[in-house]
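Working notes for the structure below.
Throughout, a chain's letter reflects where its sequence line sits, starting with A, and its residues are numbered from 1.
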Amino acid sequence: MATQPSAMDNLVSLCKRRGFIFQSSEIYGGINGFWDYGPLGADLKRNIKDAWWRDTVHRRDDMVGLDSSIIMHPRIWEASGHVQGFTDPMVDCRACKRRYKADQIKVLRPSGGEGLSFAFFEGDREPADRKIRKQAKADPSAYEVIDLSALDGKDFASVVGPDVDEPGTLTEPRSFNLMFRTQVGPVADESSVAYLRPETAQGIFAQFSNVLATSRQKIPFGIAQIGKAFRNEINPRNFTFRSREFEQMEVEFFVKPGTDEDWHRTWIAERLRWYESIGIAGDHLHQFEYPKSDLAHYASACVDITYDFPFGRQELEGIAARGDFDLSRHQEYSGKSMVYFDEETREKFIPHVVEPSAGVDRICLAVLCEAYAEEWVPKGEGAGGPRPAEPGAPVPEFYEPRTVLRFHPRVAPVKAAVFPLLKNRPELVEKAREIYRDLQRRHRVFWDQTGAIGRRYRRQDEAGTPFGITIDFETLENGTVTLRDRDSMAQERIPAAEVAARIDPAAG
RNA sequence: GCGGGCGUAGCUUAGUGGUAAAGCUCCAGCCUUCCAAGCUGGUCACGCGGGUUCGAUUCCCGCCGCCCGCUCCA
């Protein structure tokens, strides 16, 4: 049987139980790499996207939005490099379990043709030379260097892999095209091939000129877009973290050449602030700066914003300084000028770009991980607030467990729940209904009249609802209600008329 | 894709070559004046497809899915 369920297992289970995230196509056995957001998840995700759009587009003077199509002209993906870059033939080693990019592996083959061949990493043939002297008792200079891809299928039996000493462990190169192919129109031939976009960014670059001409923006300014993207990942993993269909929130921020570095720094700071504004603790956020050697040739810098997931420190967002690579390539492939004329300085240039590119589903998952807590709550009144549960330990006497999602109210799917203390007292239900209707005009609120009041509070704890509002007989007398705080579980009596004023600023 | 583990109600688990049990959840009702209380009743499952067998949830094979490693980088 399974070992001790991890925190991640418990979260996955809660997501299904409460309707945050379901496996796609579950009734047909599921489909690897695709996920559906249930009633609570749909609102959570929407709140995250809305918060991003408000903060990134509405509340700035230097940003405009765009919503480009998912399927675009296939030449876009030639210009962007995805047609080539996403087609990487890979080779597996059955013995050492390593995987290599076929174009990075070279082979030393005996000039005579007979005998073992030795594979090595391009630029580092020394280990292979050693093996030749030792295993084949031969002179490496009697061997010729060829590409791995130049070998026939039958030749692989005599190839010794880069990290092993025996031949025949390498598979033949297999091509993994990470773009989903489809066709446009009813005729399926090579001329109708199209791709589901593997990133939203190229839609922005392709419309740069139109946006510039219609938005009355001047550099520096940015174009923001939220939308689905698709990558046929070899191996989807870690719940929704690596999915084949996912949603991105991307900005292409166009700047004057030479100011790239400043803007890059500015955006990193801006984005870190934003993550904290939706409730992700600063000490779970990190920056990973790519070493120069790992950067794409056109990029001058790239920093990932990472989060400490239960399964490791992983990327939420990449912020790259991409120079003028994208616009230049589209200028080259489309034949249309991407040159910008700066009226103040009378300069002409192709704008450089800084690209903060975030994964919505990854942020959702981070928000869920950050919010998830298992606690011990003292039984009885006045015994104090909840305290964190010790994993694996039994619940102490006079305590009971609770599971709570401590969402920041900005992203919480439901902002408040309204409860009549007793459902069999029509006057309570009626008054509660009135308050519920009033709040519903401003926020997503939840109605629950079923079961004991404590049970209803706990239900909302698992949904991450920050506020509970209970209507009792005192409400009928003096108009006050109980406002219950999700995190501290503290209760407070306030006039019903003030409830909205308490929820609004928190949920902002 | 390769290697290892796993697949029984919504969740967590039990169990058997003769079609399945429990706790929690959920639904309905009663009761209840503020933190998963109580009582009554109810819904819901052997991932899919083959094979062996008189008979498969159980044994075998394939597929699908989930988890862990290799790999990946929104």
**OP:** Please state the C1' separation for the pair B/rU52 and B/rC61 - nearest whole angstrom.
**Re:** 11 Å
Original post:
A/Thr306 and A/Asp304: side-chain donor and acceptor closer than 3.5 Å?
Top reply: no
Subject >> B/rU71 and B/rU8, which share atom name P, separated by this distance in whole Å >> reply: 31 Å
Original post:
Atom CG of A/Asp461 and atom C1' of B/rC34: how far apart are they, to the nearest Å?
Top reply: 13 Å
**OP:** Using the C1' atom as the reference point in each nucleotide, state the distance between B/rA37 and B/rC24 in Å, no decimals.
**Re:** 15 Å
**OP:** Go through the N and O atoms of the side chain of A/Tyr28 and the base of B/rC64, and report whether any donor-acceptor pair is under 3.5 Å.
**Re:** no
Subject >> Phosphate OP1/OP2 of B/rU25 contacted by A/Arg458 side-chain N/O (<4.0 Å) >> reply: no
Original post:
Between A/Gln314 and B/rC73, is there a side-chain N or O to OP1/OP2 distance below 4.0 Å?
Top reply: no
Original post:
So does A/Glu276 have more than 12 non-hydrogen atoms from other groups sitting under 6.0 Å from CD?
Top reply: yes
Original post:
Just to confirm, is there a sub-4.0 Å distance from OP1 or OP2 of B/rA74 to any side-chain nitrogen or oxygen of A/Arg231?
Top reply: yes
Subject >> Comparing A/Thr240 and A/Val377 on RNA chain B - which has the more 5′ nearest nucleotide >> reply: A/Val377
**OP:** Classify the side chain of A/Ser13 versus the base of B/rC11 as yes if they form a donor-acceptor pair under 3.5 Å and no if they do not.
**Re:** no
Original post:
Given B/rA74, B/rC70, B/rC34, which nucleotide is nearest the side-chain atoms of A/Asn235?
Top reply: B/rC70
Original post:
Which value, in whole Å, describes the distance between the C1' atoms of nucleotides B/rA56 and B/rG51?
Top reply: 11 Å
**OP:** Spell out yes or no: do the side chain of A/Arg455 and the base of B/rC35 have one donor N/O and one acceptor N/O closer than 3.5 Å?
**Re:** no
**OP:** Ignoring the backbone of A/Arg362, work out which of B/rC26, B/rA74, B/rC34 is nearest its side chain.
**Re:** B/rA74
**OP:** Kindly check if the number of other-residue, nucleotide or ligand heavy atoms within 6.0 Å of CZ (A/Arg459) is above 12?
**Re:** yes
**OP:** In whole angstrom, give the distance that lies between atom NZ of A/Lys16 and atom P of B/rA45.
**Re:** 13 Å
Original post:
Using atom C1' of each nucleotide, how far apart are B/rG49 and B/rC64 to the nearest Å?
Top reply: 10 Å
Original post:
Expressed in angstrom and rounded to an integer, what is the separation of A/Phe241 atom CZ from B/rC67 atom C1'?
Top reply: 17 Å
**OP:** Between B/rC39 and B/rU25, how far apart are the P atoms? Round to whole Å, please.
**Re:** 12 Å
Original post:
When only distance counts, do a donor and an acceptor, one from the side chain of A/Glu233 and one from the base of B/rC72, lie under 3.5 Å apart?
Top reply: no
Subject >> hbond_proxy A/Arg18 side chain to B/rG10 base (donor-acceptor, 3.5 Å cutoff) >> reply: no
Original post:
Looking only at atom P, what distance separates B/rA20 and B/rC46, rounded to whole Å?
Top reply: 11 Å
Original post:
Do any side-chain nitrogens or oxygens of A/Arg242 fall under 4.0 Å of OP1 or OP2 in B/rA74?
Top reply: no
Original post:
Taking the side chain of A/Thr450 as its heavy atoms from C-beta onward, which of B/rA74, B/rA28, B/rC34 lies nearest to it?
Top reply: B/rA28
Subject >> Among B/rC34, B/rC35, B/rA36, the nucleotide that comes nearest once only the side chain of A/Met489 is considered >> reply: B/rC35
Original post:
Nearest of B/rC73, B/rG69, B/rU33 to any side-chain atom of A/Arg237?
Top reply: B/rG69
Original post:
Is the closest side-chain donor-acceptor distance between A/Ser357 and A/Glu199 under 3.5 Å?
Top reply: no
Subject >> 5' precedence on RNA chain B between A/Asp304 and A/Asp485 (nearest-nucleotide basis) >> reply: A/Asp485
Original post:
So which nucleotide from B/rA37, B/rA74, B/rC35 ends up closest to the side chain of A/Ala452?
Top reply: B/rA37
Subject >> Check: A/Glu250/A/Thr200 side-chain N/O donor and acceptor closer than 3.5 Å >> reply: yes
